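Data first, discussion second: the structure below is written as structure tokens.
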Amino acid sequence: MKKNKLLFIGLGALLIILIVVAVVKKKDGRELKVIAEKAGKRSLIETVSANGKIQPEKDIKITPYISGEVVQLLVKEGDQVTKGDLLAKIDPEIYVSVYEQRMANLNTQKANLANAKARLAQAKAKFLNDKLSFERNQKLFKEEVISDADFEQATANYEMAKADMDAAEQSVLASKFQVSNAEASLKQAKEDLDKTAIYSPASGTVSQLSVEQGERVSGASQFSIGTEIMRIANLDKMEANVDVNENDIVRVNLNDTALIEVDAYLNRKFKGLVSEIATSASNLNSVSVDQVTNFAVKIRLLPSSYADLTLGKPASYSPFRPGMSTTVDIQTTRAGDILTVPIQSVTARLDTAIQKDRKAMGRNPDKKNDDEEETNDADDFKEYVFVIEENKVIMKEVTTGIQDDRYIEITSGLKEGDEVVTGPYNAIARKLGNDTEVKVVDKEELYKDDDEK
């Protein structure tokens with residue numbers, strides 16, 4: 001009897017153990033494996049990323065004022081030049097001919113002026129003589145000494161002399177204008193002749209040479225900027241010219257610090273400051289509605305950030321060349337000692353209050369209307385995180401602030417030390433909900449299970 005009782009107790013204990021194991025296994029099957037991290041305080045730097053090219057701050061395009069053949073090219077790409085140095089010469093032969101023609105025309109106009117002045121002097125002498133004769137005859141006519149015919153002849157001679165003198169004065173004036181016009185034409189011809197020699201407008205480096213000796217170039221006019229011959233750049237001061245998206249440009253300010261990566265220098269970041277922000281979009285005149293709207297931003301590279309690359313090099317040496325590709329992170333906002341969580345912890349879900357209302361009305365909680373094609377408005381969504389409490393998650397609405405590439409600020413909805421789910425992504429985005437049972441595991445274990453599946 002005693003043996004049967006012990007056997008019965010043993011079987012009962014075994015049954016209880018089996019039931020407990022079954023319950024535990026069943027519970028383990030319901031649990032969703034996640035990784036988690038506690039909300040904590042840290043410092044964040046919010047950045048705006050953009051791509052572009054390295055360019056000199058000062059890059060002067062050299063174009064000729066006149067057209068012709070390049071007969072001399074006195075520099076080559078990479079040469080250092082000083083302001084006033086002769087760079088190139090355009091064939092001056094035709095301009096020499098024009099200058100000589102204008103000089104001859106000026107001399108002719110000066111001779112015509114001298115003749116006009118001589119004729120004026122003669123006209124004045126004749127006028128003075130005829131005037132005296134008229135005055136004598138007028139007196140004699142009043143005394144009735146001469147006839148009417150003699151007085152009329154004297155009067156006519158006087159009027160003709162006066163008209164000839166006036167004409168001579170106008171001729172002199174016209175000759176003076178012609179001389180002035182000839183002088184202006186000669187001056188223009190002289191300037192054109194002088195412009196056959198092209199001088200450097202500033203000191204710098206010949207960063208680009210666009211023509212060869214013997215090529216023909218066109219001069220600048222109101223309809224054309226002319227043929228670009230070369231570029232003179234100051235490589236001592238370089239900048240990154242980048243395009244910033246319209247959604248980010250409002251966060252960028254002058255003198256913001258930037259970290260600059262240049263493809264030619266791997267695993268290295270240079271420092272810079274935002275020096276210029278465009279007020280109009282780069283594609284302002286584009287008619288395409290699909291084109292991305294960007295704004296040009298210029299970032300001056302700080303020489304101190306690449307001083308080691310210039311050690312032992314000539315003063316004119318620059319480690320950067322115009323056109324190098326670059327990626328820039330503009331640091332727009334800094335904040336310290338703020339509550340943060342990993343970015344992937346925050347998800348956008350339909351407002352829980354809206355979901356409850358729709359369920360109470362017997363409708364699909366994920367649809368705005370029963371019509372499957374009508375989607376929810378953006379205002380219907382809120383930001384949430386999943387806080388772990390006693391092996392379950394609580395869906396908490398949060399308000400976010402600034403962020404960097406890893407963490408995001410939480411301004412309300414959490415407290416320091418709250419353990420939030422940080423992965424996997426599909427669980428945070430779709431699977432998790434209020435009171436979902438979870439099991440926190442290491443990242444290696446989570447991904448190991450995924451690999452085995």
Side-chain angles (χ1 to χ4, degrees), residues 52-90 92 191 194-221 224-243 254-255 258 260-265 268 270-278 296-326 328:
K53 299 290 184 181
I54 297 293
Q55 297 292 346
E57 280 192 20
K58 194 175 199 180
D59 192 14
I60 303 173
K61 298 178 181 180
I62 307 296
T63 57
Y65 288 98
I66 58 174
S67 302
E69 179 186 342
V70 179
V71 293
Q72 279 186 288
L73 200 57
L74 305 175
V75 294
K76 60 182 181 296
E77 199 163 306
D79 282 354
Q80 298 296 311
V81 296
T82 305
K83 183 177 181 180
D85 285 353
L86 182 61
L87 303 176
K89 274 191 175 184
I90 295 175
E191 289 178 355
D194 291 342
K195 288 173 182 175
T196 57
I198 301 173
Y199 297 92
S200 177
S203 299
T205 304
V206 180
S207 61
Q208 183 176 335
L209 196 59
S210 306
V211 300
E212 296 288 344
Q213 183 171 324
E215 290 187 33
R216 291 191 61 83
V217 294
S218 59
S221 68
S224 171
I225 61 173
T227 304
E228 181 180 319
I229 295 179
M230 65 184 74
R231 293 190 182 191
I232 305 296
N234 183 0
L235 301 183
D236 294 337
K237 296 180 179 180
M238 304 295 288
E239 63 185 13
N241 293 346
V242 299
D243 289 327
L254 290 176
N255 296 320
I260 303 166
E261 294 184 54
V262 181
D263 290 356
Y265 296 95
R268 176 159 184 170
F270 305 96
K271 291 183 179 180
L273 295 176
V274 175
S275 59
E276 187 176 324
I277 304 172
V297 174
K298 293 182 179 180
I299 301 166
R300 180 183 298 114
L301 275 79
L302 299 179
S304 58
S305 66
Y306 57 86
D308 59 305
L309 299 178
T310 60
L311 291 177
K313 304 291 184 180
S316 59
Y317 173 78
S318 172
F320 308 107
R321 298 190 180 187
M324 283 183 170
S325 298
T326 180
V328 174

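Worth saying up front: this structure is predicted, and the values here are computed from it rather than measured. Worth knowing before you read on, the calculation uses all heavy atoms, side chains too, and leaves out hydrogens, waters and symmetry mates.
- Proximity of a side-chain donor or acceptor of Ser224 to a complementary backbone N or O of Ser221 within less than 3.5 Å is not detected.
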Intermediate values then yes/no, ring-ring contact (aromatic ring centres under 6.0 Å, His included), Tyr265 and Tyr306: CA-CA 11 Å; Tyr265 296 95; Tyr306 57 86; 9.0 Å; no

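- Residue Asp59 holds its CG atom at 9.5 Å from CD of Glu239, rounded to the nearest 0.5 Å.
- The shortest heavy-atom contact between Met324 and Ala264 is CE-CB, 4.1 Å.
- Crowding of Tyr65 atom OH: a count of heavy atoms from other residues, nucleotides or ligands under 6.0 Å not exceeding 12.
- For the atom pair CD (Gln55) and CG (Leu301), the distance works out to 12.0 Å, reported to the nearest 0.5 Å.
- Lys53 is listed as a side-chain neighbour of Ser325, based on a closest heavy-atom distance under 4.5 Å.
- Scanning both residues, Val71 and Ile90, for their nearest heavy atoms gives CG2-C, 3.9 Å.
- At a cut-off of 3.5 Å, with distance as the only test, a side-chain donor of Gln80 or Thr205 sits close to an acceptor on the other residue.
- For the atom pair Glu57 CD and Arg300 CZ, the distance stands at 4.5 Å (nearest 0.5 Å).
- Atom OH of residue Tyr199 and atom CD1 of residue Ile62 lie 13.5 Å apart, to the nearest 0.5 angstrom.
- Summarising the geometry of Pro319 relative to Thr310, their closest heavy-atom pair is CD-CG2, 3.9 Å, with the distance given to 0.1 Å.
- Under a 3.5 Å cut-off, the side chain of Ser318 and the backbone N or O of Asp236 do not form any donor-acceptor pair.
- Annotation for Ala258 and Ile299: closest pair CB-CG2, 3.9 Å, computed over non-hydrogen atoms.
- Pairing each heavy atom of Asn241 with each of Lys298, the nearest pair is OD1-CG, 3.3 Å.
- In this structure, Arg216 and Glu69 approach most closely via the heavy-atom pair NH1-N, 3.9 Å.
- Of the possible polar contacts, none joining the Ser218 side chain to the Ser67 backbone as a donor-acceptor pair under 3.5 Å is found.
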- prompt: Run the side chain to side chain contact (heavy atoms under 4.5 Å, CB included) check on Met230 and Leu73 step by step: do they pass?
  reply: CA-CA 11 Å; Met230 65 184 74; Leu73 200 57; 4.1 Å; yes

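- Side-chain contact between Ile229 and Thr63 is absent, with no heavy atoms from C-beta onward closer than 4.5 Å.
- Summarising the geometry, atom CG belonging to Leu86 is positioned 10.5 Å from atom OG belonging to Ser200; distances are rounded to the nearest 0.5 Å.
- Summarising the local packing, NZ of Lys195 is surrounded by more than 12 heavy atoms from other residues, nucleotides or ligands at distances under 6.0 Å.
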- request: Verify side chain to side chain contact (heavy atoms under 4.5 Å, CB included) between Arg268 and Leu309, making sure each step is shown before the conclusion.
  value: CA-CA 12 Å; Arg268 176 159 184 170; Leu309 299 178; 3.7 Å; yes

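- For the atom pair CG (Asp85) and CG (Asp79), the distance works out to 10.0 Å, reported to the nearest 0.5 Å.
- Judged by distance alone, with hydrogens and angles left aside, the side-chain atoms of Thr326 form no donor-acceptor pair with the main-chain N or O of Gly52 at under 3.5 Å.
- Every residue was checked against the side chain to side chain contact (heavy atoms under 4.5 Å, CB included) condition with Ala220, not counting sequence neighbours, and none meets it.
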